[in-house]
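Following: one structure in structure tokens, then a few remarks.
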Amino acid sequence: MSNKDFYETLGVARSASDDEIKKAYRKLAMKYHPDRNPDNKEAEEKFKEVQKAYDTLSDKEKRAMYDQYGHAAFEQGMGGGAGGFGGFGGFGGAQGFDFSDIFSQMFGGGAGGRQPDYSGADLQVGIEISLEEAAKGVKKRINIPTYEECDVCHGSGAKPGTSASTCSTCHGSGTVHVRQAIFQMQQTCPTCHGTGKEIKDPCVKCRGEGRTKTSKTVEVNIPAGIDDGQRIRLSGEGEPGQHGAPAGDLYVNVRVRQHKIFERNGLDLHCELPISFAIAALGGEVEVPTLDGKVKLHIPKETQTGRRMRVKGKGIKSLRSSSTGDLYCHILVETPVNLTDRQKELLEEFEKISSGLNLSQTPRKKSFWEKVGEKVGDLFSDN
């Protein structure tokens with residue numbers, strides 16, 4: 001068996017709390033449990049690795065030794081030979097590695113322990129919405145897979161006219177004891193899978209499960225302000241449990257489509273706003289699109305390309321407070337195209353009377369040539 005890092009095996013950080021370690025262990029132990037993966041050698045090895053990792057990290061002394069020395073802390077002789085932590089393979093040698101403790105964590109332990117968890121699995125679905133829907137909130141209906149009671153056996157799992165009997169393997173307890181080497185472990189009964197009942201003549205339609213696959217429609221309330229990549233949890237809307245166990249949860253992963261005009265940054269929106277040369281030079285009012293319709297924006301005279309102007313309160317509403325972001329318009333002074341003869345004539349005249357402009361009238365041009373290192377006065381002098 002590989003000496004893989006125990007924290008990596010459980011998928012937790014080295015600073016993980018005891019509760020985080022226990023939660024990670026239970027999830028992985030259930031995933032790779034032999035009863036859920038019959039004749040799967042790879043899953044069996046994973047299960048053993050998870051057990052060893054948890055046995056060390058759940059014990060304060062062993063965890064401290066592991067943090068300091070790594071796997072070497074459990075090699076023969078480390079910590080006092082057989083009287084210390086013992087050989088790694090036996091995980092404690094004469095001091096014993098109690099597999100029953102492992103199962104007590106999972107199933108409640110002991111001969112009278114709880115049955116395996118038949119709670120329904122959690123489900124995940126993706127949903128795509130527009131930026132407008134993300135900003136204002138929306139209700140969506142989605143179809144998800146589920147199960148319903150078999151209409152042939154009415155949930156019993158047995159062929160009509162027959163019934164389930166007490167399991168012949170576990171005699172109704174739902175668990176069996178298995179001996180491996182010097183250890184005795186309590187496992188879920190492989191015949192009845194923990195139910196204590198055995199169906200010898202299963203229903204033809206559901207094959208003994210008592211339920212059949214179907215789908216259902218769920219309404220999802222997407223709150224205003226949700227962002228791309230966030231998810232919504234719907235408790236109890238996942239896969240139904242078996243034998244009366246609770247259903248799992250449904251997680252809805254939200255994707256917000258890219259908008260044609262706006263880009264979102266937190267609660268703020270940004271857009272590029274093209275304006276004419278005349279409006280940029282003389283000032284005036286222009287219409288600006290928002291998620292709520294158009295608004296008027298005053299453009300000051302002598303506005304340059306790249307200037308950012310704010311439209312307050314026209315961004316995205318916060319999910320957790322009453323605050324709302326702003327809309328930022330990035331000004332772009334547009335050069336006209338397809339000019340008429342009259343427009344060309346006026347622009348040519350404007351250029352002639354602008355040839356002797358005072359340097360203060362062209363601040364960006366002046367700054368550019370100063371950076372180049374030219375004498376600005378020579379650039380604007382008459383030939």
Side-chain angles (χ1 to χ4, degrees), residues 1-38 40-64 66-67 71 74 88 91-92 96-124 170 173-178 180 183-190 192-196 231 233-251:
M1 189 175 299
S2 65
N3 283 356
K4 185 178 179 181
D5 181 82
F6 287 156
Y7 293 97
E8 184 179 348
T9 296
L10 295 182
V12 297
R14 300 188 76 86
S15 58
S17 65
D18 291 343
D19 286 341
E20 289 174 331
I21 290 173
K22 183 182 293 184
K23 183 177 180 181
Y25 160 72
R26 287 180 175 177
K27 180 178 179 181
L28 292 171
M30 292 297 293
K31 179 178 179 180
Y32 296 116
H33 192 275
D35 286 348
R36 292 195 171 190
N37 303 274
N40 188 332
K41 293 295 183 181
E42 183 178 352
E44 183 179 347
E45 289 302 315
K46 289 280 189 181
F47 184 65
K48 292 178 180 178
E49 290 178 4
V50 169
Q51 287 178 335
K52 284 193 174 183
Y54 179 71
D55 181 71
T56 299
L57 301 185
S58 62
D59 184 290
K60 290 185 178 180
E61 293 182 2
K62 291 182 181 180
R63 184 177 181 181
Y66 179 75
D67 288 344
H71 290 289
F74 307 102
F88 186 71
F91 236 96
F97 175 50
D98 189 4
F99 276 90
S100 64
D101 182 62
I102 293 291
F103 286 92
S104 69
Q105 294 291 335
M106 295 172 59
F107 308 126
R114 296 192 303 271
Q115 297 298 324
D117 185 5
Y118 286 101
S119 299
D122 294 337
L123 298 177
Q124 291 198 49
C170 67
S173 69
T175 59
V176 294
H177 290 84
V178 179
Q180 291 187 4
F183 305 113
Q184 181 171 290
M185 301 183 296
Q186 180 176 285
Q187 294 184 350
T188 303
C189 176
C192 67
H193 304 290
T195 65
R231 71 177 186 175
R233 175 176 171 264
L234 300 180
S235 180
E237 293 292 354
E239 185 177 296
Q242 292 180 282
H243 312 297
D249 297 331
L250 173 65
Y251 291 91

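Just so you know, these numbers come straight off a predicted model, no measurement behind them.
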Do the non-hydrogen side-chain atoms of K23 and K27 ever get within less than 4.5 Å of each other?
no
Testing the basics here: between K4 and Y66, what is the closest heavy-atom pair and its distance to 0.1 Å?
O-OH, 4.3 Å
Say you draw a straight line from CZ of F6 to OG1 of T56; how long is it, rounded to the nearest 0.5 Å?
4.0 Å
Shortest non-hydrogen contact between G196 and C170, atoms and distance:
CA-SG, 4.3 Å
Work out which heavy atom in I21 is nearest to a heavy atom in Y54; give both atom names and the distance.
CG2-CD1, 3.9 Å
Residues that E237 engages under side chain to side chain donor-acceptor pair (under 3.5 Å), provided they are two or more places apart:
K216
How close do A29 and V50 get, heavy atom to heavy atom, and via which atoms?
N-CG1, 4.2 Å
Under the side chain to side chain contact (heavy atoms under 4.5 Å, CB included) test, which residues partner A121, sequence neighbours left out?
E239
Atom CG in L28, atom NZ in K46: separation rounded to 0.5 Å?
9.0 Å
So NE2 of H33 and CD of Q187: to nearest 0.5 Å the spacing works out to 5.5 Å
Donor-acceptor pairs under 3.5 angstrom involving side-chain atoms of residues 9-18: please list them, not counting sequence neighbours.
unit_1 : atom_1 : unit_2 : atom_2 : d
T9     : OG1    : D5     : O      : 3.0
R14    : NH1    : D5     : OD1    : 3.1
S17    : OG     : E20    : N      : 3.2

Test of understanding: with side chain to side chain donor-acceptor pair (under 3.5 Å), list the residues that count as partners of Y7, not counting sequence neighbours.
R63, D67
For R231, what residues pass the side chain to side chain donor-acceptor pair (under 3.5 Å) criterion, not counting sequence neighbours?
none
What closest approach, in Å, do Q51 and Y25 show between heavy atoms, and which atom pair accounts for it?
CA-CE1, 4.4 Å
Can a donor-acceptor pair be found, under 3.5 Å and without considering hydrogens, that links the side chain of N37 to the backbone of N40?
no
Passes side-chain contact (heavy atoms from CB on, under 4.5 Å), K48 versus E44? Steps please.
CA-CA 6 Å; K48 292 178 180 178; E44 183 179 347; 3.6 Å; yes
Considering all heavy atoms, the nearest D249-S235 contact
OD1-CA, 3.2 Å
